[in-house]
Amino acid sequence: MPELPEVETVRRGIAPYLIGQQVVRIVVRQPRLRWPVPKELIMGLPGQVFQGVERRAKYLLLPTDVGTAIFHLGMTGRLRILSAGTPYEKHDHIDLALADGHCLRFNDRRRFGALLWTTEAPERHPLLQALGPEPLDEGFSGAWLHQRAQGRKLAVKPFIMDHHIVVGVGNIYACESLFAARISPLRPAGQVTLAEYERLAQAIREILGEAIHQGGTTLRDFVSGEGQPGYFQQQLCVYACYRRPCRICGESIDRCRLGQRSTYYCSRCQR
DNA sequence: ACTGGCTCCTGAGGGC
DNA sequence: TGCCCTCAGGAGCCAG
């Protein structure tokens, strides 16, 4: 399940193969993704050269001179660089054939992912324009979280997973960050103190940074653009650790549903 | 303005 | 061996 570190890992993996490359052909075997693949992309992308491979939140941005292709990997999306002519397999929905003989292939078993197209500045695309700060950028801090949480009764865990607050904190890293900051995921966001939000912001930065360093988390089926699994799963303290002993105090890790998501925490360490 | 619930989708895993 | 049920979840969307 790609979260921000996984998307960043994919970005770094595919960028060297894409930058400066011309798209010679696009093959869409399954246009019904989260949203239909736009006709404007199918018409507009062939012949264009990728000027960069960027990331905003969990969106991968592939700018060209006439427009920007936007990938989202959803739950199960994969992007891989293959040789042209590699036989396609189940759920291989889209190929972007490149001038040098490589092919960028999008595979997405559950089709929660998307491929979009914009001719404007990508940050003005409706899906991107209201996003909160990147967790590893200057604009993100404990003070920012504290300010945005004023008066909010929503539990702190779904609060930090809201992309208008901060982007890229998915379910795994929300659980892990709250554990590291010793904050119960059930607390109303508006009741978490500034000092606690400082700890939480620091935990989010460290955990996401470390996860990127480790190449993402492989739970089930994540692999990078070059097909390498991630290694961060070996460092998970609470996520998917139900009934296992807490690494800090030995208490059994608890689990509940919060906003329709599985939430893991230590009821003794996290208050 | 917030909040919770629904929805898309497929495959894994458990029970019988 | 096979069938059916539940669960997993990113994130937009909508009703209250």
Side-chain angles (χ1 to χ4, degrees), chain A residues 1-11 28-38 55-61 70-79 88-94 106-116 118 122 125-132 134-135 145 147-177 185-192 204 208 211 216-223 230 233 236 238-243 253 255-264:
Chain A
M1 57 189 78
E3 297 204 33
L4 189 143
E6 288 75 8
V7 178
E8 178 61 21
T9 300
V10 169
R11 188 193 70 77
V28 179
R29 299 181 196 87
Q30 170 57 277
R32 290 179 53 243
L33 304 179
R34 172 84 201 250
W35 295 280
V37 177
R55 179 186 61 73
R56 173 72 172 109
K58 296 179 188 172
Y59 296 93
L60 283 167
L61 311 177
I70 303 173
F71 272 108
H72 195 291
L73 303 182
M75 281 290 300
T76 50
R78 294 186 190 188
L79 280 171
Y88 61 85
E89 297 173 6
K90 205 173 182 185
H91 309 305
D92 281 344
H93 303 314
I94 298 170
F106 180 67
N107 174 293
D108 190 0
R109 181 156 39 87
R110 289 185 198 166
R111 309 212 313 259
F112 282 10
L115 173 57
L116 301 168
T118 180
H125 188 279
L127 292 176
L128 278 78
Q129 54 107 14
L131 293 174
E134 291 282 328
L145 289 178
Q147 180 223 317
R148 293 299 303 267
Q150 291 312 296
R152 299 287 299 267
K153 292 172 183 166
L154 184 68
V156 62
K157 180 183 173 245
F159 172 72
I160 60 169
M161 291 176 66
D162 179 345
H163 316 295
H164 302 101
I165 305 302
V166 57
V167 302
V169 182
N171 200 34
I172 299 174
Y173 297 114
C175 290
E176 294 298 314
S177 300
L186 308 168
R187 292 257 302 278
Q191 290 178 20
V192 175
I204 289 170
L208 288 180
T217 302
T218 298
L219 282 171
R220 299 185 179 85
D221 51 13
F222 169 73
V223 290
Q233 73 277 9
L236 296 177
V238 286
Y239 186 84
C241 297
Y242 182 49
R243 290 185 168 162
I253 296 299
R255 181 178 62 177
C256 67
R257 303 274 310 168
L258 212 44
Q260 292 83 244
R261 309 281 144 77
S262 284
T263 301
Y264 300 87

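Order of the sequence lines fixes the chain letters, A, B, ..., with proteins taken first and strands second; residue numbering starts at 1 for each chain.
Contact between the side-chain N/O atoms of His91(A) and the OP1/OP2 oxygens of dG11(B) is found at a separation under 4.0 Å. Taking only side-chain nitrogens and oxygens, His72(A) comes nearer than 4.0 Å to OP1 or OP2 of dA11(C). Look at Tyr239(A) and you'll find a side-chain N or O under 4.0 angstrom from OP1 or OP2 of dG9(C). Within the 4.0 Å cut-off from OP1 or OP2 of dT10(B), not a single side-chain nitrogen or oxygen of Thr76(A) is found.
Note on Tyr59(A): only backbone sugar-phosphate atoms sit closer than 4.0 angstrom, heavy atoms only; bases stay farther off.
Each salt bridge (Lys or Arg N to Asp or Glu O under 4.0 Å) pair with one or both residues in residues 28-38 of chain A, not counting sequence neighbours, appears once here: Arg29(A)-Asp95(A).
Here Arg187(A) pairs with Glu196(A) under the side chain to side chain donor-acceptor pair (under 3.5 Å) rule; sequence neighbours left out. In this structure Arg148(A) satisfies the side chain to side chain contact (heavy atoms under 4.5 Å, CB included) test together with Trp144(A), Phe159(A), Ile165(A), sequence neighbours excluded. Partners of Thr118(A) by side chain to side chain donor-acceptor pair (under 3.5 Å), not counting sequence neighbours: none found.
Here the C1' atom of nucleotide dG10(C) and the CG atom of Leu258(A) are 16 Å apart, to the nearest Å. Counting to the nearest Å, the P atom of dA11(C) and the CZ atom of Phe71(A) are 16 Å from each other. One interatomic measurement links the two molecules: CE of Met75(A) to P of dT10(B), which rounds to 14 Å at whole-angstrom precision. For the pair Arg257(A) CZ and dA8(C) C1', the computed distance is 8 Å after rounding to whole Å. Remark: C1' of dG10(C) and CG of Leu116(A) are 14 Å apart, rounded to the nearest angstrom. Between the CG atom of Asp108(A) and the P atom of dA11(C) there is a distance of 12 Å, rounded to whole Å. In this structure, the NZ atom of Lys58(A) is 9 Å from the C1' atom of dA11(C), given to the nearest Å. Taking atom CH2 of Trp35(A) as the reference point, atom C1' of dA11(C) lies 7 Å away to the nearest angstrom.
Ring geometry, Phe106(A) versus Phe71(A): the interplanar angle falls from 30° to 60°, so the pair is classed tilted.
The bend of the helix from dC2(B)-dG16(C) to dC16(B)-dG2(C), defined by the angle between the axes of its first five and last five pairs, stands at 50° to the nearest 10°.
Between Ile94(A) and Leu33(A) there is a side-chain heavy-atom pair separated by less than 4.5 Å. Tyr239(A) places a side-chain heavy atom less than 4.5 Å from the side chain of Cys175(A).
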Please write out the pairs of protein N or O atoms and N or O atoms of nucleotides 4-8 of chain B separated by less than 3.5 Å, giving the distance to one decimal.
unit_1	atom_1	unit_2	atom_2	d
dG5(B)	OP2	Gln260(A)	OE1	3.4
dG5(B)	N7	Gln260(A)	NE2	3.2

Practice item. Please step through salt bridge (charged side-chain N to carboxylate O under 4.0 Å, His left out) for the pair Glu134(A) and Arg55(A), ending with a clear verdict. Key: CA-CA 10 Å; Glu134(A) 291 282 328; Arg55(A) 179 186 61 73; 2.9 Å; yes

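Between Lys157(A) and the options Val169(A), Asn171(A), Leu186(A), a side-chain contact (heavy atoms from CB on, under 4.5 Å) holds for only Asn171(A).
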